[in-house]
Amino acid sequence: STYLDLSSESNTFTTVGDYAFSNKYKLEYVIFNDKVNTFGDSVFFGTNANLKVYLNITKEELNENTSSYWNDGREVFYKGEWEFINNVPTPIN
């Protein structure tokens, strides 16, 4: 699959561990719900350089324990910076 939608309310996890999505090079985007606020080291290590990450929280809501290297340079869009258009997450310009 080229995308992963974890935005469902039924997903109850709050933390994404170290290297959780590493080497998933076909991923184009990942969406997290508003419960996820903590990320470990290099969560997206070895993924597609154009991968986009969509969070349903603001940058200020990231847990202080989130690694400063969590996104491995992948583009991140926070709550209010993106919307669904035709069921596809799209950055707001």
Side-chain angles (χ1 to χ4, degrees):
S1 179
T2 60
Y3 66 91
L4 187 57
D5 186 348
L6 300 170
S7 63
S8 168
E9 287 300 312
S10 64
N11 290 319
T12 59
F13 62 93
T14 60
T15 301
V16 178
D18 298 348
Y19 300 96
F21 298 100
S22 65
N23 298 317
K24 305 294 185 216
Y25 60 90
K26 290 186 178 183
L27 275 178
E28 293 179 21
Y29 64 84
V30 179
I31 307 166
F32 293 98
N33 68 22
D34 60 357
K35 294 178 181 94
V36 178
N37 68 357
T38 307
F39 294 86
D41 284 329
S42 298
V43 172
F44 299 105
F45 179 80
T47 58
N48 179 343
N50 296 318
L51 172 71
K52 291 179 176 50
V53 179
Y54 298 93
L55 302 181
N56 277 301
I57 61 172
T58 65
K59 190 171 189 174
E60 294 74 31
E61 292 173 307
L62 276 178
N63 186 299
E64 64 185 29
N65 294 321
T66 291
S67 168
S68 56
Y69 303 104
W70 73 272
N71 66 334
D72 294 296
R74 302 312 181 261
E75 196 166 14
V76 177
F77 298 92
Y78 296 92
K79 182 178 181 179
E81 297 177 348
W82 66 279
E83 63 186 344
F84 279 112
I85 297 178
N86 297 323
N87 294 320
V88 175
T90 305
I92 297 172
N93 291 333

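No hydrogens, no waters, no symmetry mates; every other heavy atom, side chains included, goes into these values.
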| Take atom CZ in Phe84; do more than 12 heavy atoms of anything else shown fall under 6.0 Å from it? | yes
| field | Rounded distance [0.5 Å steps], OG1 in Thr47 versus OH in Tyr25 | value | 12.5 Å
| So, the side chain of Trp82 versus the backbone of Leu55: is there a donor-acceptor pair under 3.5 Å, distance only? | yes
| query | Got a second to check how far Thr90's OG1 is from Glu83's CD, nearest 0.5 Å? | reply | 6.5 Å
| request: Answer yes or no: are there more than 12 heavy-atom neighbours, outside Lys24 itself, under 6.0 Å from its atom NZ? | output: no
| query | Which atoms form the tightest heavy-atom contact between Phe77 and Lys52, and what is the distance? | reply | CE1-CD, 3.9 Å
| Val16 versus Phe21: any side-chain heavy-atom pair under 4.5 Å? | yes
| request: Indicate the ring-plane relationship of Tyr3 and Tyr29, choosing parallel, tilted or perpendicular according to the 30° and 60° boundaries. | output: parallel
| task | Specify the closest pair of heavy atoms between Ile31 and Pro89, including all atoms of both residues, with the distance to one decimal. | result | CD1-CG, 3.8 Å
| message | Measuring from atom CG of Asp41 to atom OG1 of Thr66, what distance do you get when rounded to the nearest 0.5 angstrom? | response | 10.5 Å
| said: As an exercise, state the distance from NZ of Lys26 to OG1 of Thr2, rounded to the nearest 0.5 Å. | reply: 9.5 Å
| query | Do side-chain atoms of Asp34 reach the backbone of Ile57 as a donor and acceptor pair under 3.5 angstrom? | reply | no
| remark: Here the gap from Trp70 atom CH2 to Leu62 atom CG, rounded to the nearest 0.5 Å, amounts to 6.0 Å
| task | Taking the side chain as every heavy atom from C-beta outward, state whether Asn56 and Phe32 have any pair of such atoms under 4.5 Å apart. | result | no
| query | Can you say whether the rings of Tyr19 and Phe45 are parallel (under 30°), tilted (30 to 60°) or perpendicular (over 60°)? | reply | perpendicular
| said: Please say yes or no: joined through hydrophobic side-chain contacts below 4.5 Å, possibly via intermediate residues, are Leu27 and Tyr69 part of one cluster? | reply: no
| message | Please report the interatomic distance CG(Asn63) to CZ(Phe39), rounded to the nearest 0.5 Å. | response | 10.5 Å
| query | Judged by atom type as modelled, is there a donor-acceptor pair below 3.5 Å linking the side chain of Asn71 to the main-chain atoms of Val76? | reply | no
| Taking the side chain as C-beta and beyond, is there a heavy-atom pair between Asn37 and Glu61 under 4.5 Å? | no
